[in-house]
Amino acid sequence: MVTKDELDARASVAFERAGAHLQGGQIDWNHAEKFDSLREALHWAMTAEPPPGKDAYVLTSAGKVLDPDMLEQIWASVQGP
């Protein structure tokens with residue numbers, strides 16, 4: 001998944017069409033929301049109301065693109081009991 005260092009590093013959230021399996025180069029990260037940590041980005045991506053027909057994608061500081069399925073798994077893993 002992601003490391004503790006990645007969770008504490010900057011990340012960006014962009015919304016793209018739902019169901020897309022996109023590579024990082026196909027997402028316009030210039031218009032993405034920027035966050036001081038991946039934890040903050042995850043929280044926002046999982047709780048914000050996405051635009052109609054779009055899903056959240058996250059770009060980590062390490063250059064990984066996290067798709068909606070990965071976001072759900074990571075979000076669940078960082079939630080406390």
Side-chain angles (χ1 to χ4, degrees):
M1 291 279 182
V2 294
T3 67
K4 181 186 180 324
D5 288 341
E6 286 177 310
L7 285 171
D8 295 334
R10 294 181 184 263
S12 300
V13 178
F15 290 98
E16 293 293 334
R17 64 183 167 81
H21 293 284
L22 305 172
Q23 299 299 318
Q26 297 173 307
I27 297 173
D28 182 7
W29 296 108
N30 292 324
H31 295 94
E33 293 287 331
K34 312 261 190 275
F35 296 89
D36 289 333
S37 74
L38 177 54
R39 291 176 194 276
E40 291 175 42
L42 282 169
H43 181 268
W44 191 79
M46 298 306 294
T47 60
E49 183 70 32
K54 297 198 174 191
D55 286 330
Y57 289 80
V58 173
L59 177 64
T60 71
S61 63
K64 293 180 189 173
V65 176
L66 308 177
D67 66 27
D69 291 334
M70 293 171 73
L71 292 176
E72 287 185 31
Q73 292 174 10
I74 296 166
W75 178 245
S77 73
V78 298
Q79 297 301 300

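The nearest pair of heavy atoms linking W29 to S12 is CZ3-O, 3.7 Å. Nearest heavy atoms, D28 versus A14: O-CB, 4.4 Å. Nearest heavy atoms, A45 versus L71: CB-CD1, 4.4 Å.
For D8, the side-chain hydrogen bond (donor to acceptor under 3.5 Å, both in side chains) criterion is met by K4, R39, not counting sequence neighbours. In this structure, the side chain to side chain contact (heavy atoms under 4.5 Å, CB included) partners of E40, at least two apart in sequence or on a different chain, are F35, D36, S37. Every residue meeting the side chain to side chain contact (heavy atoms under 4.5 Å, CB included) condition with P50, not counting sequence neighbours, appears here in chain and number order: F15. Residues forming a ring-ring contact (aromatic ring centres under 6.0 Å, His included) with W75 (at least two apart in sequence, or on another chain): H43.
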Show which side-chain atoms of residues 58-65 pair as donor or acceptor with protein atoms under 3.5 Å away, not counting sequence neighbours.
from: T60; atom 1: OG1; to: A62; atom 2: N; distance (Å): 3.3
from: T60; atom 1: OG1; to: G63; atom 2: N; distance (Å): 3.4
from: T60; atom 1: OG1; to: K64; atom 2: N; distance (Å): 3.1
from: K64; atom 1: NZ; to: M1; atom 2: O; distance (Å): 3.1
from: K64; atom 1: NZ; to: E6; atom 2: OE1; distance (Å): 3.3
from: K64; atom 1: NZ; to: E6; atom 2: OE2; distance (Å): 3.4

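When side chains are defined from C-beta on, L66 counts as touching L38, because their heavy atoms get closer than 4.5 Å.
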Can you list the steps and then say if Y57 with D67 is a side chain to side chain contact (heavy atoms under 4.5 Å, CB included)? CA-CA 5 Å; Y57 289 80; D67 66 27; 3.8 Å; yes
